[in-house]
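Keep in mind the model is a prediction, meaning the values are calculated, not measured.
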Amino acid sequence: MQLYFLRHAQSESNARWQDDPDTSFHFPDPGLTTLGQRQAEAVAQALARRSSVPNGNPHDPGNRTGYGITHIYSSLMHRAVETATAIGDALNLPIHGRTDLHEWGGIYSLDAEKDIREGLPGNDRAFFESRFPRLELPPDFKDDGWWGRPYEPRTDVPARTRRVFEDLMGRHRNGGDRVLVVSHGGFLNFLLAAVVNLTADQAQANLDANFWFVLNNTGLTRVDIGPMFCGIVYHNRIDHLGDDLIS
């Protein structure tokens, strides 16, 4: 099994933070910027150009013989679904939406002055079906809004990401699947912590100390997993982006 993690393309929040990181703001569920749409197309075309089934050479850390993506999973946050859709269109693959791939916190409003976060419903079935026909909604999707629960504290994220990792291994570990997960920077930090078998406390301590697995928008990470082996092959690969597309 080869497991690929992709951070979504640039969102409206990413662009706002990049312009003024000291400003207090929050967009509950932002979409992609124009730059983000270009990034999503760039990574999609890169995966499509080398989308043939690889030749089986185990010593191909750069995917020179192809990616051969077989499955795409995506967070249901707007920016991730937009990114995954560009890739699904390029590879002619369905997108399996999951309610557990979201960024920490979930969908919520923020009163910065009072430091109050309130959960919001999130986009409903009609929103996704009218805009993203390639997206397959999961069984636990709620028709009137996929989130609809309180703000998720960061301390809850390690257990969720470990469940995701163990579920993906259970589904795909003992075969030749090449699985792409489109998600978010914070989530992927905890997921990579699960890959290297850090405890929840260790993962939290790393972030508290501002130690991160850095991920650019559409940064790609590859982890090879077998019955007796798990190894990070590369991290935050962005050679599919021109200099004017990096964020």
Side-chain angles (χ1 to χ4, degrees), residues 1-10 14 32 35-75 80 82-96 101 161 164-165 168-169 171-198 211-247:
M1 171 194 183
Q2 288 183 0
L3 188 57
Y4 295 87
F5 303 133
L6 183 81
R7 185 187 176 200
H8 60 80
Q10 187 193 62
N14 296 150
L32 298 183
L35 175 63
Q37 293 168 356
R38 294 173 62 200
Q39 292 172 337
E41 288 297 328
V43 70
Q45 292 307 311
L47 293 171
R49 280 195 299 271
R50 288 186 280 183
S51 63
S52 60
V53 177
N55 63 14
N57 184 349
H59 306 292
D60 181 21
N63 292 94
R64 293 176 61 182
T65 59
Y67 289 95
I69 300 297
T70 59
H71 298 75
I72 302 173
Y73 293 97
S74 178
S75 157
E82 282 192 274
T83 305
T85 293
I87 297 168
D89 287 346
L91 300 181
N92 194 28
L93 288 174
I95 300 162
H96 303 287
L101 293 178
T161 52
V164 169
F165 181 57
L168 290 171
M169 288 198 296
R171 292 171 183 265
H172 302 285
R173 181 169 192 161
N174 294 322
D177 293 341
R178 295 180 172 225
V179 178
L180 176 68
V181 174
V182 182
S183 187
H184 308 268
F187 175 89
L188 291 175
N189 264 265
F190 279 113
L191 195 60
L192 287 173
V195 169
V196 299
N197 206 30
L198 296 183
F211 178 87
W212 287 76
F213 295 104
V214 175
L215 279 161
N216 287 77
N217 292 120
T218 70
L220 186 65
T221 295
R222 171 179 158 186
V223 179
D224 286 6
I225 303 169
M228 302 296 293
F229 171 81
C230 180
I232 297 176
V233 179
Y234 54 73
H235 173 65
N236 197 32
R237 182 175 181 179
I238 55 170
D239 55 330
H240 52 273
L241 297 178
D243 291 347
D244 61 330
L245 295 184
I246 296 174
S247 66

Partner residues of [X] under the side chain to side chain contact (heavy atoms under 4.5 Å, CB included) criterion, sequence neighbours left out:
X    : result
E41  : Q45, A86
L198 : A193, V196, Q202, N206
D89  : T85, R134
N189 : L207, W212, F213

Using a 4.5 Å cut-off on heavy atoms from C-beta on, say whether the side chain of [Y] contacts that of [X].
X    : Y    : result
R222 : I232 : no
V179 : Y4   : no
R237 : N63  : yes
V223 : C230 : yes
T221 : L3   : no
D224 : M1   : no

**Report entry** Counterpart residues, ring-ring contact (aromatic ring centres under 6.0 Å, His included), relative to F187 (two or more places apart)
**Finding:**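 F187 satisfies ring-ring contact (aromatic ring centres under 6.0 Å, His included) with no residue once adjacent residues are dropped.
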Taking all non-hydrogen atoms of both residues, which atom of [X] and which atom of [Y] are closest, and how far apart?
X    : Y    : answer
A84  : V182 : CB-CG2, 4.0 Å
S247 : N217 : OG-OD1, 2.7 Å
H184 : S75  : NE2-OG, 2.8 Å
I95  : S74  : CG2-CB, 3.7 Å
V214 : H235 : O-NE2, 2.8 Å
A48  : L91  : CA-CD2, 3.6 Å

Report task. Give me the one residue out of L245, I246, V43, L220 that meets side chain to side chain contact (heavy atoms under 4.5 Å, CB included) with I238. Result ->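 Between I238 and the candidates, side chain to side chain contact (heavy atoms under 4.5 Å, CB included) is satisfied uniquely by I246.
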Query raised in the report: side chain to side chain contact (heavy atoms under 4.5 Å, CB included) with L188: which of L215, T161, L101?
Result: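 It is L215, the one option of L215, T161, L101 that forms the side chain to side chain contact (heavy atoms under 4.5 Å, CB included) with L188.
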Requested in this report: Verify, without hydrogens or angle tests, whether T70 (side chain) and R178 (backbone) share a donor-acceptor contact under 3.5 angstrom.
Outcome: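 Pair found, side chain donor or acceptor close to backbone of R178.
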Query raised in the report: How many angstroms lie between atom CG of L93 and atom CD1 of I69, to the nearest 0.5 angstrom?
Result: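 One gets 8.5 Å once the value is rounded to the nearest 0.5 Å.
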**Report entry** Spatial distance of atom NE2 (H96) from atom CG (L180) [nearest 0.5 Å]
**Finding:**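 It is 11.0 Å, given to the nearest 0.5 Å.
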With [X] via side-chain hydrogen bond (donor to acceptor under 3.5 Å, both in side chains) - residues at least two apart:
X    : result
N236 : N216
Y73  : H172
T218 : H240
S183 : none

**Report entry** Residues which pass salt bridge (Lys or Arg N to Asp or Glu O under 4.0 Å) with R173, listed by chain and number, not counting sequence neighbours
**Finding:**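 Expected list: none.
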Query raised in the report: Got a sec, which residues hit salt bridge (Lys or Arg N to Asp or Glu O under 4.0 Å) with D243, two or more places apart in sequence or on another chain?
Result: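 Partners of D243 under the salt bridge (Lys or Arg N to Asp or Glu O under 4.0 Å) test: none.
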